[in-house]
Each structure stands twice: as C-alpha cells, then as structure tokens.
Amino acid sequence: MNYIVLDLEWNQSPKGKEFSVPGIPFEIIEIGAVKVDEQFNIVDEYHQIIKPVVYTAFHSKIKDMLSISYEDLCNGEEFERAAESFIEWCGEDYRFVTWGCLDLTELQRNMKFYNMDMQLEFPLLFYDLQKLYSIRYSDGKTRSSLKNVIESMQLPENDTFHSALGDARYTAQILKKMDFNAVKIFESIDTFRIPANRKEEIRINFGTYEKYISKGFKSKDTAVNDRVVRSCRCYMCGKPMKRIIKWFATGSKNYYGLFKCDEHGLFKGRFRARQSDEGYYFVIKIMKHTNEAGGEKISQRQQKEREHRRRRRQEEKARGQTP
C-alpha cells in the first residue's frame with residue numbers, strides 16, 4: 001500500500017463569505033501530492049495549477065499567502081481534467097495523508113460542484129498528520145502549523161510554504177521522521193458524505209475510544225434525540241451500560257454523559273450534531289474509557305452548566321420585571 005500525501009490550495013470570494021457561490025465556498029486552484037511507499041520514501045509526485053472559473057480574482061489574504069501568480073492561474077488546467085488525472089495517478093491501493101482535516105472535504109465538494117461522477121471510497125478513512133503529531137508529541141488537542149513542526153524537527157526547508165507540492169513534500173518529511181506507526185491506529189473519517197441509512201452508520205473502535213457517525217436526519221432535534229445516537233453500549237464488550245450522568249447539553253452545543261459497564265468500568269461520552277451540504281443533520285459521537293477523575297470532570301461540567309442556566313433564568317426574570 002502507498003500513502004498519498006495531499007495538499008490543496010484554494011481561493012474564495014474576494015468580496016467576503018457572504019458573496020460565496022453556493023456549493024463552492026473554496027475553489028481549488030492547486031493540487032500537490034507525493035506518493036510514499038511503506039518505508040515512507042517518496043516514489044512519485046503530482047502537481048497541477050488549476051484555472052479558476054468561479055472566483056477569478058484573488059482574495060486579499062490568499063494573494064498574500066500563495067506564490068502562484070495570476071498569469072500562472074490563467075494558464076492552468078481545467079479542474080475536471082486535473083481531478084481525473086490526479087485520481088488516476090493515485091492508483092489502486094493507497095491511503096490519503098493530509099496536514100489538517102479539510103483537504104479531502106474540499107476536493108469532494110469541488111468535484112460535486114462540477115457534477116463529476118467520480119466518488120472516493122466510503123467511508124473515507126485518512127490520516128490527519130497534524131492530529132497524529134499532536135497525539136504523539138503533545139496533548140492530542142493542540143494543532144501546530146506545518147512550518148513550526150518542520151522547524152521543531154529540524155527538517156530541511158527546501159520548498160516554499162503554502163505551495164501545494166511544497167507542503168505535500170514537507171508533510172511527507174514529517175511522516176518519515178515521526179513515529180507514525182505508534183499512532184497510525186487513530187485514523188480520521190471524512191464526513192463530506194454521511195451514512196445514507198442505519199446500515200451505513202459508522203462505528204470504529206480505536207482501542208482507547210470509539211467513534212460513531214450517524215445517518216442523516218431532517219432536523220437537529222430529531223438527530224440529538226434519536227435512540228441509537230443516545231444509546232450507551234460498552235464498545236469493549238457490547239453490553240448495555242448504566243447511565244451515571246444522562247446526556248446533557250452545554251452552551252457549546254456539545255452533549256456529554258457518563259456511563260458504567262459492570263465489566264470495564266466508567267466511560268465518558270460526547271456528541272454533537274452537524275449539518276451536511278445536503279442540509280441533513282448527523283451526529284458524531286465519541287465514547288472513551290475513563291476513570292473516577294474523568295467522571296468527576298463530567299460531573300463538574302454538568303454542575304457548571306446548571307449554574308449557568310440558573311443565572312440566565314434569573315437575568316431573564318429580572319429583565320422582565322424592569323419597567
């Protein structure tokens with residue numbers, strides 16, 4: 001199996017987000033990728049500049065960031081041909097590697113905008129090396145820039161940053177230098193395409209936690225109150241768990257809960273509803289094994305949320321009594 005280390009550069013409406021064209025908030029203008037073998041050696045490269053047809057003027061921030069000139073773009077390839085040639089170049093047996101979680105979503109979104117019949121596999125699993133680097137060398141939550149990691153690992157800086165091929169090469173350098181095998185179990189799941197029904201719903205056990213992605217629902221309320229979404233089975237043995245703290249919502253729109261398996265102890269849960277491009281609501285839920293200290297944090301979060309709601313009710317009542 002090969003790894004396809006992918007980086008995309010894109011442009012957006014120069015007039016601001018509110019002037020974005022529906023279906024394509026970001027138009028891909030450059031594809032860069034390197035093909036890496038199982039020993040993490042680069043065996044091939046792909047690069048293509050793409051002629052824009054949606055946003056033909058640079059957004060100011062994009063113009064300052066990229067090394068592509070307007071003349072380069074005018075001489076670029078049509079997106080459909082570039083995407084077709086790129087997917088063909090990838091081959092048969094490969095897994096995508098990206099720095100961050102957006103590239104594959106935007107690739108598919110651009111392909112859909114152009115009504116391309118080609119679809120990537122479902123579910124689309126990939127390696128977000130930015131996340132994996134944080135899991136291996138930090139707290140798993142912070143996200144470092146590509147440039148900062150290259151500098152901290154003292155890797156050679158022979159390419160221009162914010163060029164698609166250059167950033168793909170840099171990402172491949174990190175892939176080879178870091179202890180990738182120690183964290184490769186923690187794959188990411190792209191959610192541009194969501195499960196169409198119960199049968200397609202995704203559950204993946206990563207050893208220390210389980211990720212679940214639901215099918216789509218017509219409303220957010222239906223999604224967050226769905227019985228399967230709120231179910232709490234131990235992902236280690238499959239048995240139903242006792243609800244220690246029932247699911248509760250927070251101001252951040254996340255839901256949290258605490259559960260107990262008779263055999264495997266405490267588990268904390270978190271889920272949130274998101275909306276797909278088609279307008280359907282789906283839920284991403286994480287269940288993770290925890291201890292008493294982790295359970296106490298969930299309890300404290302619940303108490304904090306209750307206090308916040310109590311103060312808000314008092315403030316609303318006071319405002320209502322103000323002449």
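Since we're looking at a predicted model, the values are computed, not measured. Residues take their numbers from the sequence shown, with the count starting at 1. Scope of the values below: all heavy atoms of this structure, side chains included, with no hydrogens, waters or symmetry mates.
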Atom [atom1] of [X] and atom [atom2] of [Y]: how far apart are they, to the nearest 0.5 Å?
| X | Y | atom1 | atom2 | value |
| --- | --- | --- | --- | --- |
| Arg301 | Tyr256 | CZ | OH | 4.0 Å |
| Ile189 | Ile194 | CD1 | CD1 | 13.5 Å |
| Ile174 | Tyr133 | CD1 | OH | 7.5 Å |

If you draw the axis of the six-membered ring of Phe217, does the NZ or CZ of Lys215 fall within 45° of it and under 6.0 Å from the ring centre?
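Flagged: Lys215 positioned over aromatic ring of Phe217.
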May I ask you to decide whether [X] forms a salt bridge with [Y], counting only side-chain N to carboxylate O separations under 4.0 Å?
| X | Y | answer |
| --- | --- | --- |
| Glu315 | Arg312 | no |
| Glu278 | Lys112 | yes |
| Glu84 | Arg81 | no |
| Glu307 | Arg310 | yes |
| Glu210 | Arg203 | yes |
| Glu305 | Arg309 | yes |

Just wondering, do Phe113 and Phe79 contact through their side chains at under 4.5 Å, heavy atoms?
no
Between His162 and Lys147, is any pair of side-chain heavy atoms under 4.5 Å apart?
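With C-beta onward as the side chain, the pair stays apart.
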Please list, one pair per line, the donor and acceptor atoms closer than 3.5 Å that link side chains of residues 257-265 to other protein atoms, with sequence neighbours excluded.
none

Atom pairs and distances, side-chain donor-acceptor, residues 48-60, under 3.5 Å, sequence neighbours left out:
unit_1: Tyr55; atom_1: OH; unit_2: Val21; atom_2: N; d: 2.8
unit_1: Tyr55; atom_1: OH; unit_2: Ile24; atom_2: O; d: 2.9
unit_1: His59; atom_1: ND1; unit_2: Lys61; atom_2: N; d: 3.1

Looking only at non-hydrogen atoms, find the nearest pair between [X] and [Y] and report the distance.
| X | Y | result |
| --- | --- | --- |
| Lys253 | Arg272 | O-CG, 3.7 Å |
| Asp7 | Ser163 | OD2-O, 4.2 Å |
| Gly216 | Phe282 | CA-CB, 4.5 Å |

Hey, can you pull the donor-acceptor pairs under 3.5 Å for the side chains in residues 89-98, sequence neighbours left out?
unit_1: Trp89; atom_1: NE1; unit_2: Asp44; atom_2: OD2; d: 2.9
unit_1: Arg95; atom_1: NH1; unit_2: Glu187; atom_2: OE2; d: 2.0
unit_1: Thr98; atom_1: OG1; unit_2: Gly100; atom_2: O; d: 2.6

Given side chain to side chain contact (heavy atoms under 4.5 Å, CB included), test Arg143 with Ser134 step by step and report yes or no.
CA-CA 6 Å; Arg143 297 292 184 264; Ser134 181; 3.7 Å; yes
